[in-house]
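Have a look at the structure below before the remarks.
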Amino acid sequence: MSNITLKKIAEELKLSPSTVSRSLRDSHEISQETKDRVRALVAKLDFQPNPHASSLRKNKSKTIAVIIPEIENNFFVQVLNGIEEIAQKNGYHVLIYITHENYQREVDILHMLRSGRVDGIMISVASSTTNFEHLTAYVELGVPLVFFDRVCEIMDAPCVTTDDAQAAFEATEHLIKTGCSKIAFLSLDGNLSISSRRRSGYLEALKQYGLLNNKIIVECCPDDEATRQKIRSLCLRENKPDAIFTAIEKFSITTYEVCKELQIKIPEQVKMISFSNLTAASLFNPSLSAIIQPVYGIGRESADILFRLIDRKKLLPTQKKVIIPSHLVIRESSPVQQIVL
């Protein structure tokens, strides 16, 4: 019966395709009762799993793929360092692919990797990715896959993130406590998981301090000049913000450049804070207050989980959704010079 697929078997049994796949591979993550149900239906329907996909799982390439949206961001460079350390300890090579925030390129990379070139995949999705079918196909085949930072929260796959919402709340609260009431938030594209988490933390702080009506959210994009124009317009508006909170370090660099161009003094006229792991943030003029993420740890933790999947080891409940805390470093761009609340 050539029209029988793994997905159809899953639908018939009211299970996920990945559960069916793991059952056929005798994974110890799946109960014996579920395995028996799957095998019974497979035998009844005379379903033959894809022999090519099966052979790929047995013959390891000793290589993993890491797919990132950009390399300019210092965040991803440090994550890669953590991944590389764990990969070397496991005797693996790392292939790095960059999507340049392009959904179609992400699809093409994953399609190419289906040839069995790698034993597992780690990915931080592109800002333009809204359809995840190209990723669910991997989960259905049982190929080890781990998300980090930018994740697909609707998929049943392990992910490693930081406490974006809490960190954004604390950063916004800090600005409020220094006397700011018109805080602008420069967000990434709205599709990204980190965008929604960081935006929610920002909005929650405004709500708790009765400033929700003063919210200013500017959605920026990968195009640097378009982002520059949005920041310039923000700084020139009649009701100017007295603080700017940027979702990524690239936006903070552009904001500094625009403020210098427009002769806006930081922090006297506008305070600044950003998610940033730039070691040079302390050398900015003035030095930049920043939310520091444990990026090296994100890389290590994500790789550890991936290799557990590759070795078919059972994940602990705490390893399926890992959240690593960040910390706030206050510098000259948002000094604690007056506490008004």
Side-chain angles (χ1 to χ4, degrees), residues 69 73-76 78-79 123-127 129-130 132 146-178 180-220 241 243-252 271-278 281 288-299 301-302 305 317-330 334 341:
N73 191 331
N74 185 59
F75 174 93
F76 292 110
Q78 294 185 51
V79 169
I123 183 168
S124 191
V125 300
S127 60
T129 298
T130 56
F132 297 96
V146 176
F147 288 99
F148 65 94
D149 191 46
R150 304 179 183 188
V151 308
C152 174
E153 295 173 331
I154 62 172
M155 282 182 60
D156 182 23
C159 59
V160 179
T161 61
T162 57
D163 57 345
D164 290 297
Q166 180 61 29
F169 177 93
E170 292 174 3
T172 307
E173 181 180 54
H174 160 70
L175 292 171
I176 293 170
K177 287 186 174 182
T178 63
C180 300
S181 60
K182 294 177 290 184
I183 303 167
F185 179 63
L186 304 190
S187 175
L188 287 154
D189 288 12
N191 299 326
L192 289 172
S193 56
I194 59 171
S195 296
S196 59
R197 294 196 302 267
R198 294 174 187 183
R199 188 186 303 110
S200 68
Y202 159 78
L203 291 173
E204 182 59 30
L206 294 186
K207 179 181 178 182
Q208 286 198 25
Y209 287 92
L211 297 172
L212 196 55
N213 290 336
N214 292 2
K215 68 177 182 293
I216 307 169
I217 298 177
V218 180
E219 285 208 359
C220 301
I244 297 177
F245 175 15
T246 64
I248 60 173
E249 58 197 22
K250 183 164 69 171
F251 298 163
S252 64
K271 293 182 173 64
M272 278 284 304
I273 201 164
S274 177
F275 277 86
S276 177
N277 282 78
L278 278 173
L288 175 65
S289 295
I291 297 163
I292 308 297
Q293 297 168 280
V295 283
Y296 193 79
I298 291 172
E301 185 70 28
S302 302
I305 292 170
T318 54
Q319 292 175 311
K320 293 180 180 178
K321 302 288 181 184
V322 178
I323 301 175
I324 307 176
S326 304
H327 67 278
L328 182 61
V329 175
I330 304 305
S334 64
L341 296 174

task = Might you work through the side-chain contact (heavy atoms from CB on, under 4.5 Å) test for V295 and N74, ending with a clear yes or no?
result = CA-CA 9 Å; V295 283; N74 185 59; over 6 Å; no

task = Apply side-chain contact (heavy atoms from CB on, under 4.5 Å) to I324 and Q293, showing your working.
result = CA-CA 8 Å; I324 307 176; Q293 297 168 280; over 6 Å; no

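When all heavy atoms of D149 and S124 are compared, the closest pair comes out as CB-OG, 3.8 Å. Heavy-atom minimum distance, E301 versus V322: CG-CG1, 3.9 Å. Across all non-hydrogen atoms, the minimal contact from V146 to I305 is CG2-CG2, 3.9 Å. Pairing each heavy atom of A205 with each of I176, the nearest pair is O-CD1, 4.0 Å. Summarising the geometry of N214 relative to K182, their closest heavy-atom pair is ND2-CG, 4.5 Å, with the distance given to 0.1 Å. For the pair T172 and A168, the tightest heavy-atom approach, listed with the atom from each and the gap, is OG1-O, 2.8 Å.
Remark: S334 pairs with H174, S289 by the side-chain hydrogen bond (donor to acceptor under 3.5 Å, both in side chains) rule, at least two apart or across chains. Considering only residues two or more places apart in sequence or on other chains, D164 meets the side-chain hydrogen bond (donor to acceptor under 3.5 Å, both in side chains) condition with T162, R197, R198.
Distance check, rounded to the nearest 0.5 Å: CD1 of I291 to OG of S276 gives 10.0 Å. To the nearest 0.5 Å, atom CZ of residue F132 and atom CE of residue M155 are 8.5 Å apart. Atom-to-atom distance recorded for L288:CG and S274:OG is 5.5 Å, nearest 0.5 angstrom. To the nearest 0.5 Å, atoms CD (Q78) and CG (L278) are separated by 8.5 Å. How far CG of L186 is from CD of E219: 11.0 Å, rounded to the nearest 0.5 Å. How far CG of N213 is from CG of L206: 10.0 Å, rounded to the nearest 0.5 Å.
Side chain of S252 to main chain of T246: no donor-acceptor pair is present (N/O by atom type, distance under 3.5 Å, no hydrogens or angles). Judged by distance alone, the side chain of S302 and the main-chain N or O of G299 form no donor-acceptor pair under 3.5 Å.
F251 is not listed as a side-chain neighbour of I244, based on a closest heavy-atom distance of 4.5 Å or more. Residues I292 and N277 form a side-chain contact, since some pair of their non-hydrogen atoms from C-beta on lies under 4.5 Å apart. Proximity of I183 to P241: side-chain heavy atoms (C-beta onward) are nowhere separated by under 4.5 Å. Counting only heavy atoms from C-beta outward, the side chains of Y202 and I217 approach each other to under 4.5 Å. For the pair R150 and S127, the minimum side-chain heavy-atom distance is below 4.5 Å. Looking at heavy atoms from C-beta onward, P294 lies in side-chain contact with S326 at the 4.5 angstrom threshold. Here the side chains of F147 and V160 are not in contact, with every heavy-atom distance at 4.5 Å or above. K177 is listed as a side-chain neighbour of Y209, based on a closest heavy-atom distance under 4.5 Å.
Atom NZ of K320 is surrounded by 12 or fewer heavy atoms from other residues, nucleotides or ligands within 6.0 Å. The environment of CD1 in I323 is sparse: at most 12 heavy-atom neighbours from other residues, nucleotides or ligands sit within 6.0 Å.
Relative ring orientation between F245 and F275 is described as parallel, the plane-to-plane angle staying below 30° on a 0-90° scale split at 30° and 60°.
Each of T130, L192, I194 was compared with V125 under the side chain to side chain contact (heavy atoms under 4.5 Å, CB included) criterion, and only L192 meets it.
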